Protein chains: 2
Amino acid sequence: MALCWEDLPMDKIDKKILISLQNDARVTVADLSEQVSLTSSPCWRRVKALEESGVIRGYHAELDPRRLGYDVTAFVSVMLENHRIDVGDSFEVAVQGIPQVVACHNVSGRYDFMLEVVATDLEAFGEFARNVLRTLPGVKEIYSSFSLKSIKHQRRLPLP
Amino acid sequence: MALCWEDLPMDKIDKKILISLQNDARVTVADLSEQVSLTSSPCWRRVKALEESGVIRGYHAELDPRRLGYDVTAFVSVMLENHRIDVGDSFEVAVQGIPQVVACHNVSGRYDFMLEVVATDLEAFGEFARNVLRTLPGVKEIYSSFSLKSIKHQRRLPLP
DNA sequence: GGTGAAAGCGAGGACCA
DNA sequence: TGGTCCTCGCTTTCACC
């Protein structure tokens, strides 16, 4: 059983630290400690504790897809042929290895999986859907919806 | 017109740097320069150039939703009453201010928007959908699909 | 839990090829 | 562009409260 938040008492200072690190993962401990009204040692110890407890999974650079030539972001809903466990498993494994798939969830509802896919343009996406997605193990039906505009992309979790 | 990747020549070293920073935003320039076979000054200059050109949008800590008490992640498709510009605009502005909405795209297809929402549990989500989402400006219909399992959540863009 | 100090390392700049 | 210092400030780890 994973630790959850009742097990790890997190006070207001920890929350402030997490807010800051979600905003800017590269703040110095010196700045961070000032923001949370602490000296750097206890602040540093808290950050380490949050990392080790698994609350902080990692630190990542956020890149601009368009500046990298990815003009297309698509949400692809995938329905599998049947719901046997092994079919889902091999689909999941296959998806992990496809770099164009930037996120994937097993979901409830009409479809089984929801993928977020990037592509350089619509043509490249079409080819990708035809040659890669449709040929994945057990795929029965796919439905693609394209992002016309990204309204909100900072994926910050609220810290009440 | 935004700069795109043809305007900014990016060589293999820049790509390696971006891969490393997507994996771990807190690598030291010393380690990074070793990974890309450079000394630290030119490596540091490249990182700064990538930041200033907008390729790197920022650095963010990735938190574990479950350890923060968010057991529910939902994908919510929203259809607006009509497609007049002002209705969409006020919906977008409203969505920006809702912390539970961690991502939102204006999309093509049957629905107009696709939201990713976090909640502590299903009951909280139900309340949120009823009292917040349904009451947003111009909302006609919503369809919620729940994440049963996150297959892939590192949102790393491929660097070919 | 918190503070303060000390050592050592890295960021960032000046300058050369 | 890349490489070589150099220096200041921060990180990290003490011992102690």
Side-chain angles (χ1 to χ4, degrees), chain A residues 2-64 67-69 156-157 159-160, chain B residues 2-64 67-69 156-157 159-160:
Chain A
L3 286 174
C4 72
W5 113 308
E6 286 81 6
D7 303 317
L8 290 169
M10 257 200 326
D11 59 13
K12 288 199 167 171
I13 293 178
D14 285 322
K15 286 177 193 169
K16 279 187 185 174
I17 289 174
L18 293 176
I19 290 170
S20 280
L21 288 174
Q22 281 195 111
N23 282 332
D24 177 13
R26 301 196 73 161
V27 275
T28 62
V29 176
D31 285 351
L32 195 56
S33 57
E34 203 172 326
Q35 286 171 38
V36 303
S37 309
L38 233 59
T39 48
S40 54
S41 311
C43 182
W44 181 83
R45 284 201 295 249
R46 279 167 181 266
V47 172
K48 289 299 146 197
L50 290 166
E51 286 170 358
E52 269 149 45
S53 71
V55 175
I56 297 174
R57 275 188 184 153
Y59 304 96
H60 309 286
E62 183 204 351
L63 309 184
D64 186 336
R67 309 246 165 143
L68 291 171
R156 287 171 203 148
L157 293 177
L159 292 155
Chain B
L3 286 174
C4 75
W5 114 307
E6 285 84 5
D7 304 317
L8 291 169
M10 255 199 328
D11 58 13
K12 288 199 167 169
I13 294 178
D14 285 322
K15 285 177 194 172
K16 279 186 185 173
I17 289 174
L18 292 177
I19 290 169
S20 281
L21 288 174
Q22 280 195 109
N23 282 332
D24 177 12
R26 300 197 73 158
V27 276
T28 63
V29 176
D31 286 352
L32 195 56
S33 58
E34 204 173 325
Q35 287 171 39
V36 303
S37 309
L38 233 58
T39 48
S40 54
S41 295
C43 182
W44 180 81
R45 284 199 295 251
R46 277 168 182 268
V47 172
K48 289 300 146 193
L50 290 166
E51 287 171 356
E52 268 149 46
S53 72
V55 175
I56 298 175
R57 275 188 185 155
Y59 304 96
H60 309 285
E62 183 204 353
L63 308 185
D64 187 336
R67 308 247 165 142
L68 292 172
R156 288 172 202 146
L157 293 178
L159 292 155

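Quantities reported herein were computed from a predicted structural model and do not represent experimental measurements. Each chain gets a letter, A, B and so on, in the order the sequences are listed, and its residues count up from 1.
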Want to settle it: does Ser40(A) or Ser37(B) sit nearer the 5' end of DNA chain D, counting the closest nucleotide to each?
Ser37(B)
Whether the side chain of [X] and the base of [N] hold a donor-acceptor pair under 3.5 Å is what I'd like checked.
{"X": "Arg45(B)", "N": "dG2(D)", "answer": "yes"}
{"X": "Ser41(B)", "N": "dG13(C)", "answer": "yes"}
{"X": "Thr39(B)", "N": "dT4(D)", "answer": "no"}

Using side chain to side chain contact (heavy atoms under 4.5 Å, CB included), reason through Glu34(A) and Val27(A) one step at a time and then give a plain yes or no.
CA-CA 11 Å; Glu34(A) 203 172 326; Val27(A) 275; over 6 Å; no
May I ask you to say what Arg26(B) touches in the nucleic acid, namely base, sugar-phosphate or nothing, with a heavy-atom cut-off under 4.0 Å?
nothing
Determine the contact category for Thr28(A): base if any of its heavy atoms lies under 4.0 Å from a base atom, sugar-phosphate if only primed atoms, P, OP1 or OP2 are that close, otherwise nothing.
sugar-phosphate
Between [X] (side chain) and [Y] (backbone), is there a donor-acceptor pair under 3.5 Å?
{"X": "Ser53(A)", "Y": "Leu50(A)", "result": "yes"}
{"X": "Lys15(B)", "Y": "Pro160(B)", "result": "yes"}
{"X": "His60(A)", "Y": "Gln22(B)", "result": "yes"}

Could you give the [atom1]-to-[atom2] distance, from [X] to [N], as a whole number of Å?
{"X": "Glu51(B)", "N": "dA11(C)", "atom1": "CD", "atom2": "P", "answer": "12 Å"}
{"X": "Lys16(B)", "N": "dG2(D)", "atom1": "NZ", "atom2": "P", "answer": "13 Å"}
{"X": "Trp44(B)", "N": "dA11(C)", "atom1": "CH2", "atom2": "C1'", "answer": "7 Å"}
{"X": "Leu38(A)", "N": "dG2(C)", "atom1": "CG", "atom2": "P", "answer": "5 Å"}
{"X": "Asp31(A)", "N": "dT12(D)", "atom1": "CG", "atom2": "P", "answer": "14 Å"}
{"X": "Asp11(B)", "N": "dT1(D)", "atom1": "CG", "atom2": "P", "answer": "8 Å"}
{"X": "Glu34(B)", "N": "dA11(C)", "atom1": "CD", "atom2": "P", "answer": "13 Å"}

From dT11(D), dG10(C), dT3(C), pick the nucleotide closest to the side chain of Ala30(A)?
dT11(D)
Under 4.0 Å: is that the gap between some side-chain N or O of Arg46(A) and OP1 or OP2 of dG1(C)?
no
Can you give me the closest heavy-atom contact between Asp64(A) and Leu157(B), atom names plus distance?
C-CD1, 4.3 Å
